[in-house]
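Encoded as structure tokens, the structure appears first; notes follow it.
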Amino acid sequence: MTATTFSVAAGSGMAIMARMETLIPAERIAGRVVELAGQIERDHHGKPVMVVGVLTGCLVFLADLVRRIDLPLQIHLVQASSYRGEATTPGQLKLRLDTLPDLRGRDVLVIDDILDTGQTLARLAEELRLRGAASIRVAVLLRKEGRQQVVFEPDYVGFVIPDAFVVGYGLDYNDEFRHLPHLAVLSPPVG
Ligand code: IMP
Ligand code: MG
């Protein structure tokens with residue numbers, strides 16, 4: 001496991017020290033993405049899939065996953081935000097769904113980065129159901145253990161992880177670190 005200590009520029013302009021340790025290396029993520037794509041393909045029996053990606057965290061996972069799915073497929077993106085700025089605890093959930101086309105009768109595959117409290121995906125799935133989707137399946141790269149506050153079961157889970165704040169492969173802290181090719185645990189400021 002590699003550990004790096006570095007400084008992060010916080011919104012206030014102050015630099016804080018943070019520690020980052022690799023949790024899941026890029027190669028392991030790539031292997032798991034192939035497995036998930038296989039499961040998704042088998043479950044859809046050649047039928048078209050309408051992917052709904054949840055911005056911004058989904059973007060790296062979505063890009064890798066969809067390229068492994070051999071089905072007729074459309075990609076649409078919606079916006080959800082619950083972490084405000086530097087906070088690492090959930091705030092008010094905001095969903096922006098105005099980019100979605102008519103979902104009536106469509107088989108929807110929601111793709112998101114992580115299931116934490118479950119609020120985002122539970123609410124999004126309910127909204128999609130109300131819009132008449134024929135089926136709604138949900139794929140998340142990560143599921144955080146011991147954090148869920150609502151009853152919600154994703155159909156595809158890449159990795160179950162401990163209750164830690166993670167960045168990389170799409171996940172951010174204060175909009176940084178999404179571009180890391182691996183997943184890392186970001187520890188609280190140490191100085
Ligand atoms: P939920 O509604 O509490 O399940 O939160 C889901 C959203 O919170 C995810 O889509 C992420 O954007 C964000 N989130 C939750 N845990 C983490 C984390 O450890 N690192 C980065 N973002 C996180
Ligand atoms: Mg998100």
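Every number for a ligand or one of its atoms is a count from 1 in the order of the listing. Everything quoted here is computed from the prediction, not taken from an experiment. Numbering of residues begins at 1 and proceeds along the displayed sequence.
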Output a table of donor-acceptor pairs, distance under 3.5 Å, between side-chain atoms of residues 32-41 and any protein atom two or more places apart or on a different chain; print 'none' if there are none.
unit_1, atom_1, unit_2, atom_2, d
Arg32, NE, Gly158, O, 2.7
Arg32, NH1, Glu35, OE1, 2.7
Arg32, NH2, Val157, O, 2.9
Glu41, OE2, Asp70, N, 2.8

**Asked** So, the side chain of Asp163 versus the backbone of Glu145: is there a donor-acceptor pair under 3.5 Å, distance only?
**Response** no

**Request:** Please could you name the atoms of ligand 1 that Thr120 approaches to less than 4.0 Å, counting only its heavy atoms?
**Result:** 1 (P), 2 (O), 5 (O), 6 (C)

**Prompt:** Is there a heavy atom in Arg147 that sits closer than 4.0 Å to ligand 1?
**Reply:** no

**Asked** Which atoms of ligand 1 are found less than 4.0 Å from any heavy atom of Ala164?
**Response** 19 (O)

**Complete:** For Asp112, the ligand 1 atoms with a heavy-atom partner under 4.0 Å come out as 10 (O)

**Message:** Please determine whether any non-hydrogen atom of Ala80 lies less than 4.0 Å from an atom of ligand 1.
**Reply:** no

**Prompt:** Is the closest heavy-atom distance from Asp113 to ligand 1 below 4.0 Å?
**Reply:** yes

**Request:** Given side-chain contact (heavy atoms from CB on, under 4.5 Å), test Val110 with Leu128 step by step and report yes or no.
**Result:** CA-CA 10 Å; Val110 176; Leu128 301 179; 3.4 Å; yes

**Message:** Looking at Glu126 and Arg123, is any side-chain nitrogen of the basic one under 4.0 Å from a carboxylate oxygen of the acidic one?
**Reply:** no

**Asked** What's the spacing between Asp64 CG and Ile111 CD1 if we round to 0.5 Å?
**Response** 10.5 Å

**Asked** Heavy-atom contacts under 4.0 Å between Leu93 and ligand 1: side chain, backbone, both, or neither?
**Response** neither

**Asked** What do you reckon, does Leu121 have a nitrogen or oxygen under 3.5 Å from a nitrogen or oxygen of ligand 1?
**Response** no

**Prompt:** Measuring from Arg106:CZ to Ile136:CD1, what's the distance to the nearest 0.5 Å?
**Reply:** 13.5 Å

**Asked** For Leu171 and ligand 1, does the shortest N/O to N/O distance drop below 3.5 Å?
**Response** no

**For Asp172, the ligand 1 atoms whose distance to one of its heavy atoms is below 4.0 Å** = 21 (C)

**Prompt:** Heavy atoms, side chains only, cut-off 4.5 Å: are Asp43 and Asp155 in contact?
**Reply:** no

**Asked** In ligand 1, which numbered atoms sit nearer than 4.0 Å to a non-hydrogen atom of Lys144?
**Response** 16 (N), 17 (C), 18 (C), 19 (O)

**Item:** Same cluster (ILVMFWY, side-chain, under 4.5 Å), Leu121 and Val160
**Value:** yes

